[in-house]
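Worksheet: one structure, shown below.
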Amino acid sequence: MTLVTRRASAPKIPGPARTSPGRRVLRGVLRRPAVATAAGFLLLLIVLAVAGPLISPHDPDTQDLGNRFAGLSWTHLLGTDEFGRDVASRVIQAARIALAAPLISVGVAVLIGLPLGLWAGLRKGLVDAVAGRLADTVLSLPAMVGALAILAVLGPGLVNAMIAIGIIFAPGLFRVVRGATLAVAEETFVDSAVAIGSPTRRTLWVHILPNIAAPLLVQVTILMGVALLAEASLSFIGLGVQPPEASWGSMLKAAYTNQFDAPFSVVPPGVAMVLTVLAFNTIGDAIRDAVGLRRGR
């Protein structure tokens, strides 16, 4: 009689669930208390921008010339400006500009720099040569001078100012996307996609773009803070937001003009701007560190 022995199969132990690189980066970013605080501040800014008309203590455009440069009180929490308008209400109203301006400028930069950077990094050739030389030309000019030159053609106003800033941002974003695309294009999975006949469009948007999302996101968050400062600078000299609409930059201009009559008036818009830029930069730095840590492993 032949004895057949069966070897007991070892029980299968489920391995750890795989998470995508983007989720690992997001978890690494959100674990930091500073990033959570920055994200909470930006969320508060969004709430103020959306619900500003409902929570503002006064109409931000209503003038009361008999109550000019009023101090801090329960009626006017942050005082009034040179026209008797409530400063707290105008700071809340300007939160919309603080969010809309960076979104417009960075959106223009992404629309210009992202497709060109992806194509130049993968296909190279004439597009890479022409776009690279144009980027070098724009980057060689002082940013504010280039923005003023574009505004001389488009005219003053918030949208025109942010389009000008976006055009100035586009070459830097193009360089970042092109460099990241060049590195990813050397990977085996890209060669495999090209070998099986994957169209260039699919290769760019399906295989390359997800793998350069992290450095792209870092650049975008940093540019958001820079764009806010650029908008404030243009509004300070009268080329951005036009009266009577409130902007932190135009409020700083008014505070500078009336610094001897109301020394405190520079504090509310200045502090709001510093905190917003710091929040953008904190999130951008955390993403950069998380990406670097993931690559080092």
Side-chain angles (χ1 to χ4, degrees), residues 18-30 32 35 38 102-141 143 146 165-227 230 280-297:
R18 294 183 179 180
T19 56
S20 63
R23 289 185 179 180
R24 288 198 296 268
V25 171
L26 183 61
R27 289 178 182 178
V29 169
L30 294 180
R32 303 187 178 189
V35 178
L103 289 176
I104 294 173
S105 59
V106 176
V108 170
V110 170
L111 288 176
I112 298 174
L114 179 59
L116 288 177
L118 287 171
W119 185 272
L122 180 65
R123 305 295 294 180
K124 304 180 179 66
L126 181 62
V127 174
D128 186 20
V130 174
R133 299 297 76 76
L134 288 176
D136 293 340
T137 302
V138 176
L139 289 174
S140 65
L141 300 174
I165 295 299
I167 295 174
I168 298 300
F169 284 168
L173 189 65
F174 164 80
R175 287 297 186 188
V176 172
V177 173
R178 177 184 178 273
T181 303
L182 285 172
V184 175
E186 301 296 328
E187 297 293 338
T188 307
F189 64 87
V190 177
D191 295 335
S192 301
V194 175
I196 64 175
S198 177
T200 301
R201 180 183 302 176
R202 178 176 176 83
T203 303
L204 290 175
W205 299 107
V206 176
H207 299 288
I208 293 182
L209 182 59
N211 288 279
I212 68 168
L216 177 63
L217 187 58
V218 172
Q219 188 70 10
V220 165
T221 52
I222 293 176
L223 287 179
M224 293 284 283
V226 179
F280 283 129
N281 290 345
T282 300
I283 294 176
D285 291 342
I287 296 174
R288 180 190 60 198
D289 295 342
V291 171
L293 181 61
R294 182 174 66 86
R295 288 181 177 178
R297 291 179 177 177

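Because the structure is predicted, anything quoted here is derived from the model rather than measured.
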So Leu122 and Ile208, side chain to side chain contact (heavy atoms under 4.5 Å, CB included) or not? Walk me through it. CA-CA 9 Å; Leu122 180 65; Ile208 293 182; 3.8 Å; yes
Is there side-chain contact between Val190 and Val184, with at least one heavy-atom pair below 4.5 Å? yes
How many angstroms lie between atom CD1 of Ile168 and atom CG of Leu223, to the nearest 0.5 angstrom? 12.5 Å
Please report the interatomic distance NZ(Lys124) to OG1(Thr181), rounded to the nearest 0.5 Å. 9.5 Å
Tell me the closest heavy-atom pair linking Leu116 and Val127, and the distance in Å. CD2-CG1, 4.3 Å
Gap separating the CG atom of Leu111 from the CD1 atom of Ile167, nearest 0.5 angstrom: 11.5 Å
Heavy-atom pair of closest approach, residues Leu103 and Met224: CD2-CE, 3.8 Å
CD1/Ile196 to CG/Asp191 distance, rounded to the nearest 0.5 angstrom? 11.5 Å
Quick check: closest heavy atoms across Leu173 and Ala109, and the distance to 0.1 Å? CD2-O, 3.4 Å
Taking atom CG of Leu114 and atom CD1 of Ile212, what is their separation to the nearest 0.5 Å? 6.0 Å
Indicate the atoms forming the closest heavy-atom contact of Gly121 with Ala185, along with that distance. O-CB, 4.3 Å
Say you draw a straight line from CZ of Phe189 to OG1 of Thr203; how long is it, rounded to the nearest 0.5 Å? 10.5 Å
Do Phe169 and Val108 come within less than 4.5 Å of each other through their side chains, counting heavy atoms only? no
Checking salt bridge (Lys or Arg N to Asp or Glu O under 4.0 Å) for the pair Asp136/Arg175: CA distance, chi angles, key distance, verdict? CA-CA 9 Å; Asp136 293 340; Arg175 287 297 186 188; 2.4 Å; yes
Residues Ala135 and Phe174: closest non-hydrogen pair is CB-CD2, 3.9 Å
For Phe280 and Thr221 the tightest heavy-atom approach is CB-O, 3.6 Å
Go through the steps to decide whether Ile165 and Ile104 satisfy the test side chain to side chain contact (heavy atoms under 4.5 Å, CB included), and finish with yes or no. CA-CA 9 Å; Ile165 295 299; Ile104 294 173; over 6 Å; no
What's the verdict on side chain to side chain contact (heavy atoms under 4.5 Å, CB included) for Leu216 and Val176, showing C-alpha distance, side-chain angles and the deciding distance? CA-CA 7 Å; Leu216 177 63; Val176 172; 5.9 Å; no
Between Arg178 and Asp128 (salt bridge meaning N to carboxylate O under 4.0 Å), is one present in this structure? yes
